[in-house]
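Shown next, in structure tokens, is the structure this report addresses.
We count residues from 1, following the sequence as given.
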Amino acid sequence: MSTESATAAAPQGAAPSLTGVFVRLKLSLLRNGLRGSTGRTLAYVGSIVVGLLFTTGAMLGLLALRGTAHAGALVVLLTGILALGWAVLPLFFPTGDETLDPTRLVMLPLRPRPLIGSLLVASLVGIGPFVTLALATGSVIAVADGAAAAAVGVVAVVLVVLVCVSLARAVATASVRLLTSRRGRDLAVLGGLFIALGAQGVNIAAQKLGRPDGLSVLEPVGTVLRWVPPASAVGAVEDAGHGAYGRALAGLALTAVALAGLLWWWQRTLTTLMTAPDSSTLQAVEKDSARGAGTEERGLARLLPDGRTGAVVLRTLRYAWRDPKSKMAWATALGVGLLVPVVSAAQGNGSIYSSFSASALLGAQMYNQFGQDTSAFWMVASTIATPRDAYAELRARALALASVGVPFVTLVVLGSAAVIGPWSDFLEVYGLSLAVLGALLATGALSSALFPYSIPSEGNKNVAPGQGAIAWFSLFGGVLVGAVLCAPLLGLTIWLHVAGLHHLLWVLLPVGAVYGVGAAELGLRVAAPRVARRLPEILAAVSKG
């Protein structure tokens, strides 16, 4: 519905209600979006069902905590996490709600102050606000004791919901030009990694809370969060139930002040957005291009050798930094490779051998090297005419991976030895890690030649339709062959332990380093002639998507 039709429908002499217009606009966007695609309709209905199930379970859990010790610390922490989620999710999923983009309203004759009120009310329509309302209500019920606490709880629930929604709107408005740019899309792609890391943190926390008197560990955090809006509003409910009316009033006041501050910030950023010129104009682009032209050969480019090797290494690392899907793959490998030893140490059953995850995940980036180039691979293919050309291409890609992989593996193994220990196992584990990395570089090069597949440039899929079996066989088959390649070194390690020759375990470091380099070199030389011979098939496979 347009603003013109709303104006025509309004009585003569009366100003049209922006709130009603934006609420109907929100509902129309939801309805029209669901009409166009059955899959999107099913996904939306599924999200509603999942949201209702989660909300029901959370409500029952909060009601069961009523009257228990340390429940106040838990609900305060829950409210803080809820607000944090509202703050960061618009950054990772900017396309989840089209009404979060205020640039669509720039050309309309609307003033920021009434516009904010209307957008705020329209933002209350959806699954997220409903879940927030339910969780806030359950949190209040869990700690409310008496009529005064119930009265404070009603105000607290309203303030919590309004603060969460206003926070999301203010953050989205302040970041909208970033979110609609290439860097913003990269940030959205990396959102999955941050969620995965956060899930591991929640998993560790849940295990600790499952112990006897587990909720008591939340008291130090709860004491601090009681004075951080909007959690301070929920803390005020418990204070009112205990007769601390001054503390309760202060908690509500803090949240009310935070709401006023968010609305002011939102109005200020919205005014700037709707009146200031966009910095991404042609003049700004030309200025950036001129500035970048003088720095083309600086930094990493100056450190690399001339010729094909330096060009391919630089291209590979730039793909890892600039291409969203390559960046996601690298960031996941680095993040999870570092996270596995940390999680195992936090759970109390850590082992220095868990640092092998760094070698395994970084080495896996060598698989499907040509598919990672997507449609641009034809330019690379045009430079490969002989097995020697293919070997130079593969060797440079392996060097790019090793330039990041070797320092990263060194860091993870050193950190694992320092945190988990013992230091006596460092040389052994470090040598084996380098051997694993070299073996995966070898099998990755061979797998790229024998089992290439396409990675769609659009969407969230990493494998083109019909090539899923090839991708799984490429990865797991290559990892299996890599394990076979490492078998001799693993056998040497076991023999030294069984024979009681622990004073000779240090030899695994030089042997493992040499073995990894030799395995990688062998794999590259075996894969190169196959790449040159199968180049048309590889080009067809990676261009399928």
Side-chain angles (χ1 to χ4, degrees), residues 304-305 308-317 319-320 326 329-330 332-334 336-337 355-373 380 384 387-413 429-453 471 473-490 508-532 538:
L304 297 174
R308 183 180 192 123
T309 299
V312 174
V313 170
L314 186 61
R315 183 189 68 214
T316 302
L317 295 178
Y319 275 2
S326 296
W330 278 74
T332 301
L334 294 171
V336 177
S355 58
F356 284 139
S357 60
S359 298
L361 292 169
L362 260 297
Q365 302 308 306
M366 188 67 186
Y367 288 77
N368 196 34
Q369 275 293 305
F370 306 125
Q372 295 176 15
D373 293 350
V380 177
I384 299 176
R388 185 173 182 177
D389 296 334
Y391 170 75
E393 177 73 23
L394 287 172
R395 182 186 62 183
R397 292 176 183 242
L399 285 174
L401 275 168
S403 67
V404 177
V406 172
F408 181 70
V409 168
T410 304
L411 175 65
V412 173
V413 178
V429 175
Y430 188 32
L432 290 174
S433 298
L434 295 177
V436 169
L437 181 62
L440 290 179
L441 292 179
T443 57
L446 188 59
S447 179
S448 297
L450 298 179
F451 307 106
Y453 56 90
F473 189 82
S474 169
L475 181 59
F476 286 100
V479 170
L480 181 62
V481 175
V484 173
L485 285 177
C486 292
L489 196 61
L490 182 61
L508 291 174
L509 176 56
V511 172
V514 173
Y515 192 89
V517 173
E521 179 68 16
L522 177 63
L524 295 174
R525 292 194 177 277
V526 172
R530 287 163 174 77
V531 171
I538 296 174

Steps toward side-chain contact (heavy atoms from CB on, under 4.5 Å) verdict (Leu440, Met366) | CA-CA 7 Å; Leu440 290 179; Met366 188 67 186; over 6 Å; no
To the nearest 0.5 Å, what is the distance between CG (Leu394) and CZ (Arg530)?
-> 12.0 Å
Can you sort out the partners of Ser433 under side chain to side chain donor-acceptor pair (under 3.5 Å), two or more places apart, ordered by chain and number?
-> none
Side-chain (Ser326) to main-chain (Ala320) donor-acceptor, under 3.5 angstrom = no
Might you point out which heavy atoms bring Val531 and Ala449 nearest each other, and give the distance in Å?
-> CG2-CB, 3.4 Å
Straight-line distance of Phe408 CZ to Ser403 OG, nearest 0.5 Å | 13.5 Å
Atom of Ala528, atom of Pro387 and distance for their closest heavy-atom approach | CB-O, 3.6 Å
Interatomic spacing from CG in Leu490 to CG in Leu508 - rounded to 0.5 Å = 10.0 Å
Pro452 versus Asn368, closest heavy-atom pair with distance = CA-OD1, 3.8 Å
Quick one: pull up CG in Leu450 and CD1 in Ile538 and give me the separation to the nearest 0.5 Å.
-> 8.0 Å
Do Tyr391 and Glu521 have side-chain atoms, one donor and one acceptor, less than 3.5 Å apart?
-> yes
To the nearest 0.5 Å, tell me how far Cys486 SG sits from Tyr515 OH.
-> 6.5 Å
Closest heavy-atom contact between Ala445 and Gly523?
-> CB-O, 4.4 Å
Residues Leu317 and Ala400: closest non-hydrogen pair is CD2-O, 3.8 Å
At what distance, to the nearest 0.5 angstrom, does CZ of Arg395 lie from CG of Leu441?
-> 14.0 Å
Any donor-acceptor pair under 3.5 Å from Arg308 side chain to Ala392 backbone = no
Go through the structure and list residues passing ring pair (Phe, Tyr, Trp, His ring centres under 6.0 Å) with Phe451, not counting sequence neighbours.
-> Phe473
Where do Arg315 and Val380 land on the side-chain contact (heavy atoms from CB on, under 4.5 Å) test, with the steps shown first?
-> CA-CA 11 Å; Arg315 183 189 68 214; Val380 177; 3.7 Å; yes
Are the side chain of Gln372 and the backbone of Thr316 linked by a donor-acceptor contact shorter than 3.5 Å?
-> no
Heavy-atom closest pair (Leu361 atom, Gly337 atom, distance to 0.1 Å) is CD1-N, 3.5 Å
Please answer whether the main-chain N or O of Val481 pairs with a side-chain N or O of Thr443 as donor and acceptor at a distance below 3.5 Å.
-> no
In sequence, state the C-alpha distance, the side-chain angles, and the governing distance for Leu401 and Trp330, and then conclude on side-chain contact (heavy atoms from CB on, under 4.5 Å).
-> CA-CA 10 Å; Leu401 275 168; Trp330 278 74; 3.4 Å; yes
Count the heavy atoms of every other residue, nucleotide or ligand shown that sit under 6.0 Å from CZ of Arg388, and state whether that count exceeds 12.
-> no
